[in-house]
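Encoded as structure tokens, the structure appears first; notes follow it.
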Amino acid sequence: MSKNFYITTPIYYPSGKPHMGHAYSSIVADIFARFKRIEKYEVLFLTGTDEHGQKIQKEAKKNNKDPKIFCDELSDNFRSLTKKLNLSNDDFIRTTETRHYESVIGIWNRLIDSGDIYLGKYSGWYSVSDEAFYEKDEIEDKDGNKVSKSSGSRVEWLEEESYFFKLSIWGDRLLEFYKNNPDFILPSSRKNEVVKFVEKGLKDLSISRTSFSWGIPVPKNNKHVIYVWLDALTNYISALNFPDVTNTKFKNFWPADLHIIGKDILRFHAIFWPAFLLAAKLSPPKRVFGHGWILSDDKKMSKSLGNILDPIEIINKYGVDQLRYYLVKEVSLGNDGSISMDNLKNCINSDLANNYGNLCQRVFSFIKKNCNNKIPENTNLNKKDKNLLDNLINNLPHLIKLMNNQNLNEYIKVVLSFSFEANKYFNDSEPWTEKKKNHKRMEAILFTIIQQIKNISILLNPIVPDATKKVLTTLNFPSKNINFDSIKNMNNLNHKIELNNLEILFRKIEDDN
RNA sequence: GGCGAGGUAGCUCAGUUGGUUAGAGCACAGGACUCAUAAGCCUGGGGUCGGCGGUUCGAAUCCGCCCCUCGCUACCA
């Protein structure tokens, strides 16, 4: 069994500034990546930017800049977002890098060799202002002109030489693939959409353009650049040094275990991507998870509504762990989720500050006052103590299963319930009473609760990495030991040296500000 | 229009193959305690489980009809 795990975010189109949707995809992927690491997997976590296309080319021109230099600036916005979000990505790929060019040319050549690409003509009603083709039923006559129904802009009949990918012949193979890999598309509700779509029959896919030049040139025909999705999707194997399929990175990490994407790009990942790969005689990824959208007060965020929630602003104001926790706790992965500042504050205060944060605070403070600030070592535990610890340990297989099924919300719920339980345990055990009548018993209680704080912190680490690390550092627990083996081990805390000082973990958010 | 998902406490949601007084967290109210970020713990109020009808000894759970919300219906990403 291989202990490797390859997870990706979408690569982001950097023409706009990073928004909540980008942050959400990245945070979700980061949580799974971190989780697999504490499960002791060798993890490769990839994110990056998708930089080609007409839009970027035009904007570069407008700004009077060379497209590559322009992209360097845009891409940096997203690279700094990875720092801001505290992502643990191992690599950051850009589609303008040499390694990606070689990779795309590599897959192109494979598709040529397999006979899946042919040169044809792409024709349709095109709107220059919308930069989009429309179907017959999407246009109407108006004042003698043909216009788009949706945008009202003029369309004209355009014919363009284009290379096509023979997507139409892959329908049956895809359906068979979905059938044999029932968890390839998650959540399952989205799988139905994809299957139904493929069942209706697929058309060949235009995969080159001559109308602009900012892209990877088609080999032996420089009039064309390779178009969007074949270019963008290939990033996932470019990072593994494709087309060299014999190197260890490719061998260890392909096929990818999990592509985290937004539901809006599901089709490209669940249909085009496996079709490209099958045609190129490569394995499709193991799983594509399409998450929902983040709405603001039940509405799509838009400038006109003035309800945009900017991840960077929220992080600056409340902290990165707070945003990470809130997004994945409150939004059910796979469904659209509504967020609001009120809920954010509520969530930070009740779960993070009052529950987990205060648990740590009250216990550390008690130890400081009553135990010379050292963790007591009394392993003479009674039934209640053991029950508390065992309950968490016995739940580990269940927790692992939840995360491997991307059931993130349930995972958080279970882990948080340990924090509730620990608070109750501390209350009921009354170490402040025991210190007067049975000092040994008090020590056993503190030993137990510290073990539990350690364990909860490890489980919570993928979600709130900064805060949990602070707690573990307070315990003089080295970060390299943040893994599942350390949960079962009761002998890995130092009882001889003093605890480090723990500042307030999560400040409560007051109503005014 | 076609296909699909869903409507459960003020809010966010759990409810396995139909089975005893429908659950959790948050929010709200009261109580005892004090180690703590006036946090934590205990107790409580609050729901004709979208509507109507049917199957059944028994339905949030199965069937039918209706109402409402949302998603997908290909080449901007």
If you assign each of A:I265 and A:E330 to its closest nucleotide in RNA chain B, which residue comes earlier from the 5' end? A:E330
Of B:rA74, B:rG71, B:rC35, the nucleotide closest to the side chain of A:K263 is B:rG71
Separation of A:D342 atom CG from B:rC11 atom P, in whole Å? 15 Å
Considering only heavy atoms and no angle criterion, is a donor-acceptor pair shorter than 3.5 Å present between the side chain of A:N427 and the base of B:rG40? yes
A:D351 near the nucleic acid: base, sugar-phosphate alone, or nothing, with a heavy-atom cut-off under 4.0 Å? nothing
Can you tell me the Watson-Crick or wobble partner of B:rU20, both distances under 3.5 angstrom? none
Could you give the distance separating B:rG25 and B:rG40 at their C1' atoms, to the nearest angstrom? 16 Å
Given that both distances must come in under 3.5 Å, which nucleotide forms a Watson-Crick or G-U wobble pair with B:rU34? none
Figure out the CG/C1' separation between A:L233 and B:rA74, and round it to whole Å. 14 Å
Taking atom C1' in both B:rC26 and B:rG64, what distance in whole Å separates the two? 38 Å
Base B:rA39 to side chain A:N354, donor-acceptor N/O within 3.5 Å cut-off: no
Which is true for A:G201 with a 4.0 Å heavy-atom rule: it touches a base, it touches only sugar-phosphate, or it touches nothing? base
Counting only side-chain heavy atoms from C-beta out, which of B:rA27, B:rC41, B:rU37 sits nearest to A:F506? B:rU37
Which nucleotide, B:rA36, B:rC72, B:rC41, lies nearest any side-chain atom of A:F420? B:rC41
Applying the side chain to side chain contact (heavy atoms under 4.5 Å, CB included) criterion to A:I449, which one of A:I367, A:L359, A:N423 satisfies it? A:L359
So which nucleotide from B:rA36, B:rA74, B:rC41 ends up closest to the side chain of A:K369? B:rA36
Just to confirm, is there a sub-4.0 Å distance from OP1 or OP2 of B:rU73 to any side-chain nitrogen or oxygen of A:R267? yes
Quick check, does A:F366 stack with B:rC35? I mean ring centres under 5.5 Å and planes off by under 30°. no
Taking the nucleotide of RNA chain B with the closest heavy atom to each, which residue, A:E430 or A:E421, is nearer the 5' end? A:E430
Nucleotide of B:rC42, B:rU37, B:rA74 approaching A:Q361 most closely (side-chain heavy atoms): B:rU37
Any strand counts, and the cut-off is 3.5 Å on both contacts for Watson-Crick or G-U wobble. Which nucleotide pairs with B:rA39? none
Quote, to the nearest angstrom, the C1' distance that separates B:rC13 from B:rC49. 13 Å
Using a cut-off of strictly less than 4.0 Å, decide whether A:K329 has a side-chain nitrogen or oxygen near OP1 or OP2 of B:rC26. no
Between A:Y318 and A:M341, does the side-chain contact (heavy atoms from CB on, under 4.5 Å) criterion hold? Intermediate values first, please. CA-CA 11 Å; A:Y318 299 113; A:M341 293 313 283; 3.3 Å; yes
Please report the distance separating the C1' of B:rU48 from the corresponding atom of B:rU21, rounded so that it comes out in whole Å. 16 Å
Sugar-phosphate, base or nothing in reach of A:S365, heavy atoms under 4.0 Å: sugar-phosphate
Is the distance from OP1 or OP2 of B:rA39 to the nearest side-chain N or O of A:K508 less than 4.0 Å? yes
Ring centres under 6.0 angstrom apart (A:Y163, A:Y118): no
Distance test, side-chain N/O of A:Y227 to OP1/OP2 of B:rA77, below 4.0 Å: yes
Taking B:rG4 as the reference, what is the distance to B:rC11 when you measure between their C1' atoms (whole Å, please)? 27 Å
In whole angstroms, the gap separating C1' of B:rC35 from CD1 of A:I504 amounts to 14 Å
Mind checking the P distance from B:rC33 to B:rA14? Whole angstroms is fine. 40 Å
Picking from B:rG71, B:rA27, B:rA74, which would you name as closest to the side chain of A:L167? B:rA74
For B:rG1, what is the paired nucleotide under Watson-Crick or G-U wobble rules, both distances under 3.5 Å? B:rU73
Touch class at under 4.0 angstrom, heavy-atom based, for A:L359 against every strand present: nothing
So which nucleotide from B:rG71, B:rC75, B:rC42 ends up closest to the side chain of A:L205? B:rC75
Whole angstrom is fine here: how far is it from CG in A:D264 over to P in B:rU73? 11 Å
Roughly how far apart, to the nearest Å, are B:rG47 and B:rC62 at atom P? 25 Å
Applying the 3.5 Å cut-off to both distances, the Watson-Crick or G-U partner of B:rC65 turns out to be B:rG51
Could you check whether A:Y13 and A:H22 have their ring centres less than 6.0 Å apart? no
Begin from the C-alpha positions of A:D385 and A:R441 and carry the test salt bridge (charged side-chain N to carboxylate O under 4.0 Å, His left out) through to its verdict. CA-CA 11 Å; A:D385 307 335; A:R441 177 63 200 139; 2.8 Å; yes
Is the distance between the ring centroids of A:F268 and A:W229 less than 6.0 Å? yes
Scanning all shown strands, the Watson-Crick or wobble mate of B:rC28 with both distances under 3.5 Å is B:rG44
Over all strands shown, is A:V194 touching base, sugar-phosphate only, or nothing at heavy-atom distances under 4.0 angstrom? nothing
Look at the side chain of A:N346 and decide which nucleotide, out of B:rC26, B:rU37, B:rC13, has an atom nearest to it. B:rC26
Paired nucleotide for B:rG58 [Watson-Crick or G-U wobble; both distances under 3.5 Å]: none
Quote, to the nearest angstrom, the P distance that separates B:rG53 from B:rG45. 30 Å
Cation-pi between A:R267 and A:F197: NZ/CZ under 6.0 Å from ring centre and within 45° of the ring axis? yes
Quick test of your reading of the model: are A:R94 and A:D50 salt-bridged, counting only N-O distances below 4.0 Å? no
Nearest to side-chain heavy atoms of A:E193, which nucleotide of B:rC72, B:rC35, B:rA77: B:rC72
With A:R79 as the cation and A:F92 as the aromatic partner, state whether NZ or CZ is under 6.0 Å from the six-membered ring centre and within 45° of the axis. yes
Nucleotide nearest A:W432 when distance is taken to its side chain, options B:rU37, B:rG71, B:rU34: B:rU34
